[in-house]
Amino acid sequence: MTSSTPEPGSPARRPLLTRRNLLAATGLTAAGVSAGPLLGWSTAQAAVSPDCPPGTTAPVPPAARGPAIPASGYLVEEIADRVYWLTDGLYQMIFVTTAEGVVAVDAPPTIGKNILRAIATVTNSRVTHAIYSHHHADHTGAMILYEGARFYAHMQVADLLRQTNDPNRPLPDVTFDRHLTVHAGEDVLELAYHGPNHSPGNIFINLPAQRVLMLVDVVFPGWVPFAYLAESQNIPGWLEAPAQALRYPFDTYIGGHLTRLGTRDDVLIQQEYVAELRAQAGSAIATFNPASVYQSVDPTNPWAIFRAYLDGVASQAASAVIPNWVDRLGGADVYTLPNAYQLVESLRIDYGQLGPFGIHP
């Protein structure tokens with residue numbers, strides 16, 4: 001297997017998403033023992049049958065490493081007063097043990113029924129309040145497990161859940177537009193919507209007494225964002241969301257993904273990475289020579305020409321950024337190219353930096 005990062009100026013291809021390249025792209029082949037149970041493998045299978053040889057991606061930097069996942073397949077830790085973090089090493093959620101019962105935020109299906117097992121290790125209470133961070137099934141596809149709970153979500157999440165009609169994601173009982181305070185016993189969770197970012201209805205979940213903030217698919221502590229800026233649907237909103245998060249007085253940040261908890265510094269570091277990538281994307285739009293694409297594509301195929309142009313611009317931007325981050329954030333060599341592609345597209349169509357496709361003279 002060759003590197004996923006092309007040479008500067010060469011076209012970048014978006015590969016088919018298979019288990020093989022998913023594992024390779026996320027760097028999980030090099031950590032098969034912890035990743036295997038996630039995908040239904042036994043520990044022995046994960047240890048001896050990786051789909052790609054090790055060394056095809058850059059080493060994971062120390063800042064990206066998190067605690068080991070036990071043989072049970074999940075880790076549960078109390079991170080603040082009665083606030084618990086639950087992870088399988090790829091997805092994360094939280095729950096709070098209150099005088100009224102358990103308040104659960106999200107239900108990643110990869111953790112699945114281990115959610116209820118984890119809760120049972122710390123309390124005999126059942127889940128009485130269930131909060132959707134947003135509608136995406138990879139984070140909320142096991143909400144059906146909270147049978148009998150009262151469900152909370154942003155109103156746009158409710159609309160999307162009605163549209164998709166997934167039996168594993170029950171419709172919310174309570175919806176809101178901008179702000180909602182959930183009281184459970186003496187505990188308070190402040191839910192806020194500051195506009196579209198990763199997806200419509202993706203909310204900030206703040207626990208002010210415990211100084212914990214959860215915002216999913218925006219900041220990835222220790223890692224670069226997932227591909228195409230986390231597949232986000234509103235890039236200007238997604239770019240603004242970290243600054244919105246920093247207005248909260250939190251100590252602990254829950255990003256919903258990967259290996260560890262986050263801090264305020266993790267938000268600042270991702271802002272730095274994205275700012276550099278944005279600057280290089282803008283520079284590449286301004287300086288890439290579109291005539292060069294005709295050397296590698298059919299000149300009578302407009303889609304091929306435009307694809308090669310965009311891939312070349314993204315590759316130029318990514319090549320300038322990767323060396324500065326490969327030792328600082330996990331996956332910089334894996335996902336900087338698709339992240340650059342998404343930023344190039346946003347700069348063009350959202351911000352009007354059109355390069356050679358600007359207003360014709």
_Sequence neighbours excluded, every pair satisfying side-chain hydrogen bond (donor to acceptor under 3.5 Å, both in side chains) that has a member inside residues 167-185_ = Asp166-Arg169
*Grab the two heavy atoms, one from Leu160 and one from Pro200, that are nearest each other, plus how far apart they are.*
CD1-O, 4.0 Å
*So, for Phe306 and Phe357, is the gap between ring centers shorter than 6.0 Å?*
yes
*Are Lys113 and Leu145 close enough, and set up right, to give a side chain to side chain contact (heavy atoms under 4.5 Å, CB included), and what steps lead you there?*
CA-CA 7 Å; Lys113 293 184 179 180; Leu145 295 175; 4.0 Å; yes
*Specify the closest pair of heavy atoms between His198 and Ser232, including all atoms of both residues, with the distance to one decimal.*
ND1-OG, 3.1 Å
*Met143 versus Ile131, closest heavy-atom pair with distance*: CE-O, 3.6 Å
_So, taking the atom named OG in Ser199 and the one named NE2 in His135, what distance separates them when rounded to the nearest 0.5 Å?_
6.0 Å
*Please work out whether the ring planes of His134 and His139 are parallel, tilted or perpendicular, with thresholds of 30° and 60°.*
tilted
*Just do the ring-ring contact (aromatic ring centres under 6.0 Å, His included) check on Tyr193 and Phe204 with the steps written out, would you?*
CA-CA 6 Å; Tyr193 183 57; Phe204 294 67; 8.7 Å; no
_Reported CG-to-OG1 distance for the pair Leu258 and Thr87, which is rounded to 0.5 angstrom_ = 8.5 Å
*Ignoring hydrogens and geometry, is there a side-chain-to-backbone donor-acceptor pair from Asp106 to Thr140 under 3.5 Å?*
no
*Indicate the atoms forming the closest heavy-atom contact of Pro109 with Gly141, along with that distance.*
CD-N, 3.7 Å
*Taking side chain as C-beta onward, heavy atoms only, is Pro236 less than 4.5 Å from Ser346?*
yes
*Mind checking salt bridge (Lys or Arg N to Asp or Glu O under 4.0 Å) for Asp251 and listing every partner two or more places apart, or none if nothing turns up?*
Arg211
*What is the distance from atom CD1 of Ile305 to atom CG of Asp298, rounded to the nearest 0.5 Å?*
7.5 Å
*Counting heavy atoms not belonging to Tyr294, are there more than 12 under 6.0 Å from its OH?*
no
*Does one hydrophobic cluster hold both Val157 and Met155, with members joined at side-chain heavy-atom distances below 4.5 Å?*
no
Which side-chain N or O atoms in residues 239-249 pair as donor and acceptor under 3.5 Å with protein atoms at least two apart or in another chain?
| from | atom 1 | to | atom 2 | distance (Å) |
| --- | --- | --- | --- | --- |
| Glu240 | OE2 | Arg247 | NH2 | 3.3 |
| Tyr248 | OH | His194 | NE2 | 2.8 |

*What distance do Thr252 atom OG1 and Met214 atom CE have between them, rounded to the nearest 0.5 Å?*
13.0 Å
_Between Thr336 and Tyr273: side-chain donor-acceptor atoms closer than 3.5 Å_ = yes
*side chain to side chain contact (heavy atoms under 4.5 Å, CB included) assessment of Ile119 paired with Phe95*: CA-CA 8 Å; Ile119 292 173; Phe95 63 90; 3.9 Å; yes
*asked:* With side-chain hydrogen bond (donor to acceptor under 3.5 Å, both in side chains) as the rule and sequence neighbours excluded, what pairs involving residues 63-85 come up?
replied: Arg82-Asp187
*Can you list the steps and then say if Val344 with Val313 is a side chain to side chain contact (heavy atoms under 4.5 Å, CB included)?*
CA-CA 8 Å; Val344 166; Val313 173; 3.7 Å; yes
*Side chains of Val102 and Thr128: does their closest heavy-atom pair fall under 4.5 Å?*
no
*Are Glu272 and Arg328 side-chain neighbours, meaning at least one heavy-atom pair lies under 4.5 Å?*
yes
Taking distance alone, no hydrogens or angles, what donor-acceptor pairs closer than 3.5 Å link side-chain atoms of residues 276-286 to residues at least two apart or in another chain?
| from | atom 1 | to | atom 2 | distance (Å) |
| --- | --- | --- | --- | --- |
| Glu276 | OE1 | Trp325 | NE1 | 2.9 |
| Glu276 | OE2 | Asn324 | ND2 | 2.6 |

_Side chain to side chain, Val182 and Leu191, heavy atoms closer than 4.5 Å_ = yes
*Might you point out which heavy atoms bring Pro170 and Phe151 nearest each other, and give the distance in Å?*
CG-CZ, 3.9 Å
*Before giving the answer on ring-ring contact (aromatic ring centres under 6.0 Å, His included), spell out for Phe220 and Phe226 the whole-Å C-alpha distance, their side-chain angles and the decisive distance to 0.1 Å.*
CA-CA 8 Å; Phe220 297 73; Phe226 182 68; 7.5 Å; no
_I'd like to know whether Asn202 forms a side chain to side chain contact (heavy atoms under 4.5 Å, CB included) with Trp238, so could you lay out the CA-CA distance, the side-chain angles of the two residues, the decisive distance to 0.1 Å, and finally the verdict._
CA-CA 10 Å; Asn202 193 35; Trp238 186 89; over 6 Å; no
*Any link between Val105 and Val188 through a network of hydrophobic side chains (Ile, Leu, Val, Met, Phe, Trp, Tyr) touching at under 4.5 Å?*
no
*Look only at the side chain of Asp266 and the backbone of Thr263, and say whether a donor-acceptor pair between them is shorter than 3.5 Å.*
yes
*asked:* Are the side chains of Trp223 and Val334 in contact, using a 4.5 Å heavy-atom criterion?
replied: no
*Are any side-chain N or O atoms of His257 and backbone N or O atoms of Leu90, one a donor and one an acceptor, separated by less than 3.5 Å?*
yes
*Report the relative orientation of the aromatic rings in Phe176 and His154; use parallel for angles under 30°, tilted for 30 to 60°, perpendicular for over 60°.*
perpendicular
*Are a donor atom and an acceptor atom from the side chains of Gln316 and Thr287 found within less than 3.5 Å of each other?*
yes
*Are Tyr341 and Tyr351 connected in the hydrophobic side-chain network, where two residues link if heavy atoms are under 4.5 Å apart?*
yes
_Pairs involving residues 115-142, ordered by first then second residue, that meet salt bridge (Lys or Arg N to Asp or Glu O under 4.0 Å) (sequence neighbours left out)_ = none
*Any sub-3.5 Å donor-acceptor pair from Asn339's side-chain atoms to Pro225's backbone N or O?*
yes
*Between Ser133 and Ile205, is any pair of side-chain heavy atoms under 4.5 Å apart?*
yes
*asked:* Determine whether a donor-acceptor pair (N or O, by modelled atom type, separation under 3.5 Å) exists between the side chain of Gln353 and the backbone of Arg348.
replied: no
*Does some side-chain heavy atom of Tyr132 sit less than 4.5 Å from a side-chain heavy atom of Tyr152?*
no
*Any link between Leu268 and Val224 through a network of hydrophobic side chains (Ile, Leu, Val, Met, Phe, Trp, Tyr) touching at under 4.5 Å?*
yes
*Closest approach of Leu86 and Ala118, non-hydrogen atoms and distance?*
CD1-CB, 3.6 Å
*Under a single-linkage definition using a 4.5 Å side-chain heavy-atom cutoff for Ile, Leu, Val, Met, Phe, Trp and Tyr, are Ile115 and Ile144 assigned to the same hydrophobic cluster?*
no
*asked:* When you compare the side chain of Val218 with that of Tyr253, does any pair of heavy atoms fall below 4.5 Å?
replied: yes
